[in-house]
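Residue numbers run from 1 in the order of the sequence given.
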Amino acid sequence: MRQFWVMATKKGKVKSKKVKKLLPLSLKTAARIKALRIDAGYTAAEIFAFKNGFNRSQYIAYEKGTDLRLSSLERLCQAHGITLEQFFSEGFS
């Protein structure tokens, strides 16, 4: 992933922060994960994460397109009752 620097201020102090630029596949994966949650009737990511055994902050990171392992994606697919093939069948052409 490419990285770039941004400037942030906190209490009048300027800080540099390293930010990862997301790749298109990461953004598509994140959008698909969020769409599946909403389609399953969960309006809050926290509730879906809790009911399906995911760490709340980690699951929210998945929906933002960061830090997703293949094993975690497999668990997400199992929680939704779909295969990896079905997961990638929408929006990944």
Side-chain angles (χ1 to χ4, degrees):
M1 284 188 188
R2 294 184 345 196
Q3 297 179 349
F4 59 96
W5 293 89
V6 295
M7 302 304 285
T9 60
K10 186 174 183 180
K11 296 183 181 179
K13 295 182 180 179
V14 177
K15 293 184 176 182
S16 295
K17 184 178 179 184
K18 212 174 205 180
V19 176
K20 293 182 180 178
K21 185 174 181 181
L22 298 177
L23 300 174
L25 181 59
S26 296
L27 296 175
K28 287 180 182 180
T29 303
R32 179 79 165 118
I33 291 169
K34 185 174 183 176
L36 285 170
R37 172 183 55 83
I38 292 169
D39 289 346
Y42 293 93
T43 56
E46 293 86 356
I47 295 171
F48 177 84
F50 177 76
K51 289 190 175 186
N52 290 284
F54 291 96
N55 177 288
R56 178 191 60 82
S57 60
Q58 190 62 49
Y59 180 78
I60 290 170
Y62 299 158
E63 285 196 2
K64 291 181 180 180
T66 59
D67 198 25
L68 179 64
R69 293 181 176 181
L70 182 58
S71 59
S72 300
L73 183 56
E74 289 176 326
R75 284 186 53 218
L76 282 168
C77 288
Q78 286 176 347
H80 287 291
I82 62 173
T83 64
L84 281 172
E85 182 181 66
Q86 290 169 318
F87 178 86
F88 287 109
S89 68
E90 285 189 31
F92 287 91
S93 56

Aromatic centroids of Tyr42 and His80 separated by under 6.0 Å:
no
If you look at every heavy atom in Gly65 and Ala30, which pair is closest and at what distance?
N-CB, 3.3 Å
Once you round to the nearest 0.5 Å, how far does CZ of Phe88 lie from NZ of Lys28?
11.0 Å
Note, Ile33 side chain near Tyr59 side chain (heavy atom, < 4.5 Å)
yes
Quick one: do Phe50 and Leu76 end up in the same hydrophobic cluster if we chain Ile, Leu, Val, Met, Phe, Trp and Tyr together by side-chain heavy atoms under 4.5 Å apart?
no
From CA spacing to verdict: side chain to side chain contact (heavy atoms under 4.5 Å, CB included), Glu46, Ile60
CA-CA 8 Å; Glu46 293 86 356; Ile60 290 170; 3.6 Å; yes
If you count every heavy atom of other residues, nucleotides or ligands that lies below 6.0 Å from Ile82 atom CD1, does the total exceed 12?
yes
Answer yes if Ile38 and Leu73 sit in the same cluster of Ile, Leu, Val, Met, Phe, Trp and Tyr residues linked by side chain heavy atoms under 4.5 Å apart, and no otherwise.
no
List the atom of Leu84, the atom of Cys77, and the distance in Å for their closest heavy-atom pair.
CD2-SG, 3.8 Å
Taking Glu63 as the fixed residue, which of Arg56, Arg32, Arg37 is the one that meets the salt bridge (charged side-chain N to carboxylate O under 4.0 Å, His left out) rule?
Arg37
d(Ser57 OG, Tyr62 OH) to nearest 0.5 Å is 9.5 Å
Atom pair CD (Gln78) and OG1 (Thr83), whose distance is rounded to the nearest 0.5 Å:
11.0 Å
